[in-house]
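Below is one structure, written out as structure tokens, with a few remarks after it.
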Amino acid sequence: MSELKNDCLMRSLLKKPASRTPVWMMRQAGRHLPEYRKLRRKAGDFMSLCRDPKLACEIAMQPLRRYELDAAILFSDILTIPDAMGLGLHFVEGEGPKFRKPLRTERDIKSLSVINSEDDLAYVLEAVSLIRKELDGSVPLIGFAGSPWTLAAYMIEGKSSRDFVLAKTWLYQHPEILHQLLQKLTLSLIDYLNAQIVSGAQVIQIFDTWGGILSDAAYEQFSLAYTREIITNLISRYEDREVPVVLFTKSGGNWLEEIAASGCNAIGLDWTVSLREARRRVGARVALQGNMDPTVLRSNPECIESEVRRILDSYGSGSGHVFNLGHGITPDIDPLHVSVFIEAVHRYSGA
Ligand code: CP3
């Protein structure tokens with residue numbers, strides 16, 4: 001395998017000195033790009049894009065042609081796993097993801113099987129190896145998955161929700177059944193993420209988008225315990241290099257010490273935490289990724305630049321910071337503002 005031409009993301013995730021602060025954006029491939037919207041119109045729907053490795057590869061490359069990003073991320077979705085488990089994922093325009101067969105009874109959960117990625121998600125693995133080939137060592141490729149709790153929340157609710165009240169009711173009323181579901185998801189996710197690593201993913205990010213809606217006690221038992229089990233069972237070195245793991249927990253600022261002890265190399269932070277404070281709490285053990293509010297990108301170039309500077313200053317000097325947004329970029333953002341953002345990170349963090 002070729003050496004990486006740009007290794008500043010890998011170095012920063014491993015807390016080694018880097019020439020400047022690396023930058024990439026959650027949801028960098030997608031609806032804010034007109035070239036993405038054009039391909040999606042042609043394909044008809046989002047899942048057809050995901051299921052076609054050549055199209056998925058093209059879409060993963062689109063943001064790299066526009067912006068000087070320090071990483072590519074696999075184009076897919078966290079909900080491909082529940083889909084492979086038979087829940088029937090589809091996307092309704094303007095409403096987000098839906099499952100035809102959400103989990104409603106104990107029997108539904110007992111009848112779920114752990115997936116075998118090589119058979120059930122071959123299209124994702126093919127996309128990973130195509131993107132890796134296309135990148136040709138320019139920047140690293142990030143593979144990803146949702147956390148067991150975040151996937152379970154969608155599987156029980158059947159769709160997006162603000163509070164996932166059905167899933168949380170199960171947690172209190174039938175904790176042992178929820179644990180069975182989380183265990184099956186954990187085994188599926190270990191298989192899936194290791195298959196992504198073997199297919200070419202050089203970094204892994206786990207999205208615990210809904211960890212932050214749990215109580216303190218429930219977060220440890222129903223989310224972090226399973227994510228920790230996954231991290232422990234991931235291939236940590238492949239083809240002579242470490243495979244760093246980033247754990248992003250939306251609204252997880254209360255639990256930084258616990259997250260840092262999970263075995264991850266870096267913590268993904270949303271914009272509600274201070275980078276300075278996060279670094280003081282856990283910066284000796286892990287790298288930090290984040291954490292600009294994506295709404296800043298709606299403002300103007302001056303505001304974007306001053307926010308970038310504020311965040312870089314807040315982390316301070318030394319290695320271990322990966323610049324990112326605190327959550328995914330939204331479809332309303334002007335690509336010109338993204339260029340201003342990326343260039344500002346380069347300019348103000350350069351050696
Ligand atoms: O560029 C990238 O980040 C790579 C691809 C990627 C997508 N989804 C593509 C996508 C990644 C990493 C994800 C992760 C994802 N998917 C998460 C975790 C991150 C987060 O944002 O919290 C979650 C919760 C999902 C589930 C999901 N997928 C929802 C709720 C939706 C609909 C609303 C939305 O946010 O867009 C999707 C659809 C989706 N996933 C789109 C894309 C490009 C939009 C599809 C379209 O309408 O064209």
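Both ligands and their constituent atoms are indexed starting at 1 by order of listing.
When only interatomic distances are considered, the shortest N/O to N/O separation between Trp210 and ligand 1 does not fall below 3.5 Å.
Residue contact check: Ser160 has heavy atoms under 4.0 Å from atoms 30 (C) of ligand 1. Atoms of ligand 1 found under 4.0 Å from any heavy atom of Phe207 (numbered from 1 in listed order, with element): 12 (C), 18 (C), 19 (C). Close approach of ligand 1 to Tyr36 (heavy-atom distance below 4.0 Å) involves ligand atoms 43 (C), 45 (C), 46 (C), 48 (O). For ligand 1 and Phe75, the ligand atoms under 4.0 Å from any heavy atom of the residue are 43 (C).
Ligand 1 lies within reach of Ala29, whose nearest heavy atom is under 4.0 Å from it.
Nearest to atom 34 (C) of ligand 1 by heavy atom, out of Arg31, His32, His327, Lys250, is Arg31. Proximity annotation for atom 4 (C) of ligand 1: of Leu74, Leu49, Ile206, Ile59, Leu74 comes nearest, heavy atoms only. The residue from Gly30, Pro63, Ser76 that puts a heavy atom closest to atom 7 (C) of ligand 1 is Ser76. The closest heavy-atom contact to atom 23 (C) of ligand 1, among the options Thr209, Val92, Ile78, Leu39, comes from Ile78. Of the listed options Phe46, Phe144, Tyr154, Phe91, Tyr154 places a heavy atom closest to atom 24 (C) of ligand 1.
Exactly one residue among Tyr219, Phe248, Phe164 makes a ring-ring contact (aromatic ring centres under 6.0 Å, His included) with Trp210. That residue is Phe164. Results of the salt bridge (charged side-chain N to carboxylate O under 4.0 Å, His left out) test with Arg40 over Glu35, Glu58, Glu93 single out Glu93 as the only residue that passes.
Counting only N and O atoms by type, the side chains of Ser117 and Asp119 include no donor and acceptor under 3.5 Å apart. For the 3.5 Å distance criterion, the side chains of Ser48 and Asp45 qualify, holding a donor opposite an acceptor. Counted by atom type alone, Gln183 and Glu229 present one or more donor-acceptor pairs between their side chains at under 3.5 Å.
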Is there a side chain to side chain donor-acceptor pair (under 3.5 Å) between Gln205 and Gln289 once you walk through the steps? CA-CA 11 Å; Gln205 174 147 331; Gln289 176 177 280; 3.0 Å; yes

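The cationic atom of Arg279 (NZ for Lys, CZ for Arg) lies less than 6.0 Å from the six-membered ring centre of Tyr315 and within 45° of the ring axis.
Taking 4.0 Å as the cut-off between side-chain N and carboxylate O, Arg11 and Asp70 do not count as a salt-bridged pair.
If you check which protein heavy atom lies closest to atom 46 (C) of ligand 1, you get Arg40 NH1, 2.6 Å. For atom 15 (C) of ligand 1, the nearest protein heavy atom (residue, atom name, distance) is Arg27 NH2, 3.3 Å. If you check which protein heavy atom lies closest to atom 16 (N) of ligand 1, you get Asp77 OD1, 2.9 Å. Regarding atom 32 (C) of ligand 1, its nearest protein heavy-atom neighbour is Pro97 CD, 3.7 Å.
Within 6.0 Å of CD in Glu220 there are more than 12 heavy atoms belonging to other residues, nucleotides or ligands.
Aromatic pair Phe222/His179: ring centres closer than 6.0 Å.
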